[in-house]
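Bear in mind the structure is a predicted one, so any value in this text is a computation, not a measurement.
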Amino acid sequence: DAKTTQPPSMDCAEGRAANLPCNHSTISGNEYVYWYRQIHSQGPQYIIHGLKNNETNEMASLIITEDRKSSTLILPHATLRDTAVYYCIVIGNTPLVFGKGTRLSVIA
Amino acid sequence: DAGVIQSPRHEVTEMGQEVTLRCKPISGHNSLFWYRQTMMRGLELLIYFNNNVPIDDSGMPEDRFSAKMPNASFSTLKIQPSEPRDSAVYFCASDAASGANVLTFGAGSRLTVL
């Protein structure tokens with residue numbers, strides 16, 4: 001029961017912005033959009049989350065469309081260390097369910 | 001803060017043996033989660049606790065799996081008897097507030113059952 005759709009893989013040049021899209025057309029009013037990433041051989045790492053407003057922290061920005069049916073995670077200046085699988089998760093007050101995510105490769 | 005601490009980091013055992021994985025959550029976090037990751041099935045939620053009480057264990061694959069949280073600073077995931085298909089990386093995570101979903105994951109325990 002996939003609530004999100006993400007491209008399986010993306011490439012990004014080092015130093016450029018990485019824009020990772022996520023479609024969640026069936027999102028409910030009380031569900032948040034969460035982004036996590038998993039660097040090879042490590043546990044998943046929380047990045048950011050939002051309900052309907054755009055959010056920014058030290059790691060990334062999250063842009064949510066006005067109809068909330070899609071969002072974009074932006075890494076403003078990607079580095080090689082940002083190479084990872086990025087998970088977009090739509091969830092309410094229940095535990096996280098991880099899909100397949102997007103494998104982002106940052107290329108020198 | 002040392003983060004979520006899991007042990008052992010690697011375990012190799014033979015089919016039929018008992019396996020115990022351990023987790024120490026971040027102090028003050030009151031929710032704890034056990035996930036399993038395989039290439040075939042990805043990350044799966046096995047069980048989670050709030051304030052040391054198991055809330056949902058519907059992800060536990062079989063009766064061979066059991067999890068306990070005797071106090072706020074310790075949890076175990078036990079597999080008895082182990083089978084080759086249990087080979088996976090098992091992650092423990094903790095969350096400061098129930099339902100917040102801002103999880104901190106441990107480094108994982110890689111289990112290989114021969």
Using only distance (under 3.5 Å, no hydrogens or angles), which donor-acceptor pairs connect chain B and chain A?
unit_1	atom_1	unit_2	atom_2	d
A:Tyr34	OH	B:Ala100	O	2.7
A:Tyr36	OH	B:Asn101	O	2.6
A:Tyr36	OH	B:Leu103	N	2.7
A:Gln38	OE1	B:Gln37	NE2	2.9
A:Gln38	NE2	B:Gln37	OE1	2.8
A:Gly92	O	B:Asn101	ND2	3.4
A:Thr94	O	B:Asn101	ND2	2.9
A:Leu96	O	B:Tyr35	OH	2.8

Could you work out, with side-chain contact (heavy atoms from CB on, under 4.5 Å) as the rule, every residue matching A:Pro8, not counting sequence neighbours? none
Please list, chain by chain and in numerical order, all residues satisfying side-chain contact (heavy atoms from CB on, under 4.5 Å) with A:Pro76, sequence neighbours excluded. none
Kindly give the heavy-atom pair with the smallest separation between B:Phe33 and A:Pro95, and that separation in Å. CE2-CB, 3.8 Å
Is there a chain of hydrophobic side chains (I, L, V, M, F, W, Y, each step under 4.5 Å between heavy atoms) that links [X] to [Y]?
X: A:Leu75; Y: A:Ile39; answer: no
X: A:Leu51; Y: A:Ile74; answer: no
X: A:Ile91; Y: B:Val102; answer: yes
X: B:Ile55; Y: A:Leu96; answer: yes
X: B:Phe91; Y: B:Phe65; answer: no

Contacting region of B:Leu45 [heavy-atom separation from chain A under 4.5 Å]: side chain
Between B:Ala100 and chain A, with a heavy-atom cut-off of 4.5 Å, which part of the residue counts as in contact: side chain, backbone, both or neither? backbone
Under 4.5 Å between side-chain heavy atoms, chaining through other members, with only Ile, Leu, Val, Met, Phe, Trp and Tyr counted: pull out the rest of the cluster around B:Leu114, sorted by chain and number. B:Val12
Between A:Ile89 and chain B, which part of the residue has a heavy atom less than 4.5 Å away: side chain, backbone, both or neither? neither
